[in-house]
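Shown next, in structure tokens, is the structure this report addresses.
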Amino acid sequence: MTAALFAEQVLNGLQLGVMLFLMAAGLTLVFGIMNLINLAHGSLYMMGAYLTATFQQATGSFFLGLLLALPATAVVAMLVELVALRQLYDRDHLDQVLATFGLILFFNELTRIIWGPSAYFLDVPEVLSGTVEVLPGIPYPAFRLAILLAGLAVAAFLFFLIARTRLGMLIRAGASNREMVSALGVDIRLLYTLVFGLGAALAALAGGMAGPILAVQVGMGESILILTFVVIVIGGIGSVHGALVAALLVGLVDTFGSVLLPAAAAEMAIYLLMALILVWRPSGLFPVNA
Amino acid sequence: MNPSQPLLSVRGIVKRYGGLAASDGVDLDVATGEIHSIIGPNGAGKTTLVGQLSGEIRPDAGQILFDGRDITTVPTYRRSALGLARSFQVTSIFPRLTVLENVALAVQAHAGHSFVFWRPAAEEERLREPAREALARTGLERHASSIAATLAHGEQRRLEVAMAIATEPRLVLLDEPTAGMGPEETRQMVDLLHDLRRDTTILLVEHDMDVVFALSDRISVLVYGRVIATGSPEAIRANADVRDAYLGEEYADG
Amino acid sequence: MFMKRALLVTAAAALFALPAQAAEKVKVGFIATMSGPARALGQDLLDGFKLGVEKSGGKLGGLETEIIEGDDQLKPDVGRQLADRMVKRDQVDIIAGVVFSNVMMAIAGPVTRAETFIVSANAGPSALAGEMCNPFFFNVAWQNDNTHEAMGQHVQDAGYKRVYLMAPNYPAGTDALAGFKRFYKGEIVGEALTQINQPDYAAELAQLRAAEPDAVYVFYPGGMAVNFVKQYAQAGLKEEIPLFGPSFLLDQSVLQAQGDAALGLYNTAFWSQALDNEANVEFVRGFEEKYGRLPSPYAAQAYDAARLIDSAIRRVDGNIEDKDAFREALEAADFQSVRGPFRFNHNHYPIQNYYLRKVVKDEQGRLVNSLEGTVFTDHADAYASECKMK
Amino acid sequence: MPKITPGTLGAVAAVALLLALPPILDLVGAPFYVDVATRIAIFAIAAVALDLVLGYGGMVSFGHAAFIGVGAYTVGILSTHASNGTLLFDGALPIGGTHSALIAWPLAVLASALVAFFIGLVSLRTRGVYFIMITLAFAQMIYFFFVSLETYGGDDGLSLWERSSLLGLDLYDSTVFYYLVIFILIAVLVFCRRLVGARFGRVIVGARENERRMNAIGFPTYRYKLVCFTISGAIAGLAGALLANQTEFVSPSLLHWTRSGELIVMVVLGGMGTLLGPVVGAIFFLLLEDVLSELTQHWMIIFGPLLILVVLFANRGLLGLLRRGTGNDTR
């Protein structure tokens, strides 16, 4: 592998990594604060992609479509939170796994009824359609570069949000001490709904940005869901910066695994990585409740 | 066994969390047959010490000797097999099993291996007989077939003790056995501990000074992760350091 | 083993065959994947088949026709249970449809053992074309390898010297590459097998570019096809290195989702909606009218499946109980196929033409495949020689 | 010990019903449903296996489909080699395939047990969500292993050329196969019943209730949980061997992660930590799936919310609902 090719693969790995981070951040927050395992997080990703495509067709602009899809997905998610998930916070993980498994089936079928069984079209916006010469002789798709940058920007925003804002303070407090948050006079249920909406918007952002690259189709959420779980488990459930590190790690291992290892081994590499890390640290790289 | 050798001997154990030393070189000797109490203000490191003695927390440095044997790195379940039993500060029972089953499980842990797949445990008198004895001793025999979760608080605390003693341990580590009890329940517990001392050594971690001074042969005072004094109840009561550090205000208020 | 058993049973049936009465009704069990991500293909098959039945006025071969639908969920064991129920409870005469090879492999044994005919409208596993070929099994679509062989021939003819190959890492994928290589004799500069249902090919595309091939041949069906074609264009590779594929990469079921990324790409198929024969013109027009979309090859295959069954029932005058006669009638394939010339090989797989197609825009600006030429005429599959059937 | 209790009576009635099912179905002209009942019974065995770790042991395994798959593949692979006369292993000790159930099925159980042992060895070091996710990850690894196992059909799967042979029984006969599966189901139930009542079962339940306390009173719970996980995997492997025989086909789709999810649904639907619960759950789940999918193509849109309702309002399972009135709850 030449140095230029290596650099390109690093970019590919990082791009997959930030995508996984967008998914993992929401999932890990929801787990850390509400103690909820949400298998249907992948459905929100799918929802984001479909809504972006629909709004893009309506408005003629990808960016406008994406911008509309984020709050729309968040609203759908918050409705689901209000109706169903809210009842699950105090249940054990098993109940949560089951109920959100049911949600996956529901969302998949709903999508199929609304948008039809075939893959849906979503194109790269005109301004990002070409390639950029990131290194001499290595053209890299502009859109992928944009995803990478957008992902990093969101990561920075998220860290700022959590570290510096009142909402972030509540999120941090909520994760460790529900009573204290209540004592501050904050409606903890509202906080939960907001956090869930935030996670959904992040998933929608990932889905919307993946739409032009991938087939927008029913079931697209499941393949990334399992990888996302691998990421948050490796990072330590509830830890946002753990999620970032693990997402980039998984992105790189997956990318290099698929070009360096024989096919069968590449498929198993990620899971092997996870098993090894859990043997070494049973609560992930950055355990939250040490 | 060497009678002059302490049953449990703690040598300079240290456990740090971040910059804070929860155990900062704790030394402690518990002699065979005594009731030895550990007292100390909140945050003195009692919970950490209990965790290290029971094997749930591994010390950063130092040694724990049980009957002359180094058990510093021995896992929890094996300490129990060596004869070191414990009760928990926050009631820790099997709430959905019956009272008898709770104790029978404790007996089972010490009655050979449990890779028995066919013979019903409920028919093993070898498990149930000692369990019933322990219940009789703790005054719970009439509750034998009740679901443990339905017992009153004081009864659950006694069930804790019953589970600890059912295995005829050589040392029982009792972590605040009277926590949350009313005066009548506390009195019953004190009677129970008096009765127990005939067969076993007791290491008592306790907040209630009346209980401590009524029962203890010796008392160790833990402050900021160190034992600042060890001695008879009279000596402790007279100790100026102890009074300064802790006993004075609390006991006076108590 | 069950091959031998089936032959014995057939012989016995022939001995005791009574003068057959014309049946009043024909029952067809239609098994397809109707739920889950792969549902689009099942829907195309079902729609095509129903249109084919409608063409006979809702009566296949003039008989009252009942279609019993079943969703295999892409689970072979569910498919098996459906087939069992259709054969035993509903006593269907024919089982048709079936999208995926694994489902077909699970139902082929028990159904043929019960002497019920299978008319596969899609799944064409090589085992059933070769050593496990069966008197009760017919495939009216194609054998998996054929389309790839045709493209191998075309890429060879077009003079490309260095080709890079990609496919998902599963039997259909490795078969595809083997089929291509059976007719392409130039240098293979690289071969990448990717994870099944892999969404992102960025890493493999970087490797591909670095290998500097003259041409690229890939096999990706369904959602993978959409992903790959879009990403290939986005990486700027489409202008640099010509991309070729089988029809699955670029057929009507995925074209709209691929958009302009697919425009101008060549692919091979046994059929094109642009084929100018009477049956096809009628089919394409009828399909568009009824369903409001252009037919995919899957729909064409299923339509032909219905037409084949219709022709065979007519040929035996409705005596579908006479299995031997009915088999001969199916073998005769006496119907106007939408793909032009069509006949069965002795292994009950098609002998047909394979065409070169190109993705273009039609007058309405829709993406369609135009007909660019014929690669193979009367092409059979490579496994027929392993089939011991007559 | 054998007292006549409502429970014993119920069990006798249930067994009688199971035994009488084929003639009854024959009588009402629906003999096909014997096959459906067989498939349900096979999944019931797998669900009981899962309940051992999930309901009794409190270990939420999200990867039990892998053990079914390993069992099924063992039978499939042995059968393939027996059919084409090739060797499974070459070298110093050449091993061929077999159709014999007496060899293939125990090997299937053994293979699944081994896989379960190694997965458990690593997974049981973790807790809670980590355990759920690591079992899922291992199951995915095995899924991809079989997908890429080209010798044995990869993603297309593997046809069983023949059903296993067992003591001259005609396993192609639906009724015979049904009785065999029912016999195995009852045997598994009896075994599990003894197991949960024996010392071993007490330790498993104790670890579910309060693992810290179990350690403190002297149980190395990890070991017991590992053995429990292994036994559960072995029984699931047996179900896999049976399923391979019924379907006469094995493919990676058996190991898909949604299959593990469905098994959990069966257990919870019926009632965790009871032995009949998973059986009831398997019956209900598979019949519901069957009825709904005949009703509409979009049956998942009913099934999904139904699942949520079950979790929200009947999370002790159907058995729990039935027993709520009588207060007879063994959980």
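Reminder, nothing fancy here: chain letters follow the sequence lines and each chain counts from 1. Computation of the quantities below employed the complete heavy-atom set of this structure, encompassing side-chain atoms and omitting hydrogens, waters and symmetry-equivalent molecules.
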Original post:
If you take all heavy atoms of D/V267 and D/A47, which pair is closest and at what distance?
Top reply: CG2-O, 3.4 Å
Subject >> Contact summary for D/S260 and D/H64, nearest pair of heavy atoms >> reply: OG-N, 3.5 Å
Original post:
Taking atom OG of B/S220 and atom CG of B/L49, what is their separation to the nearest 0.5 Å?
Top reply: 9.5 Å
Do you know which of [options] has the most heavy-atom pairs under 4.5 Å to chain B?
| options | answer |
| --- | --- |
| D/R212, D/R223, D/R202 | D/R212 |
| D/G218, D/G201, D/A216 | D/G218 |
| D/V227, D/T221, D/V196, D/V205 | D/V227 |

With only heavy atoms counted, which part of [X] is less than 4.5 Å from chain D, the side chain, the backbone, both or neither?
| X | value |
| --- | --- |
| B/A106 | both |
| B/A111 | both |
| B/S92 | both |
| B/R119 | backbone |
| B/E101 | side chain |
| B/L82 | neither |

Original post:
Within the side chain of D/R194, is there an N or O that forms a donor-acceptor pair under 3.5 Å with the backbone of B/W118?
Top reply: yes
Lys/Arg N to Asp/Glu carboxylate O, [X] vs [Y], below 4.0 Å:
| X | Y | value |
| --- | --- | --- |
| D/R127 | D/E211 | yes |
| B/E124 | D/R199 | yes |
| B/E176 | B/R157 | no |

Just so I understand: if I count every heavy-atom pair under 4.5 Å between each of [options] and chain D, which residue has the most?
| options | answer |
| --- | --- |
| B/L127, B/L97, B/T167 | B/L127 |
| B/E56, B/H110, B/R78, B/R79 | B/E56 |
| B/N102, B/I93, B/L84 | B/I93 |

Subject >> B/K15 to B/Y17, cation-pi by 6.0 Å centre distance and 45° axis angle >> reply: yes
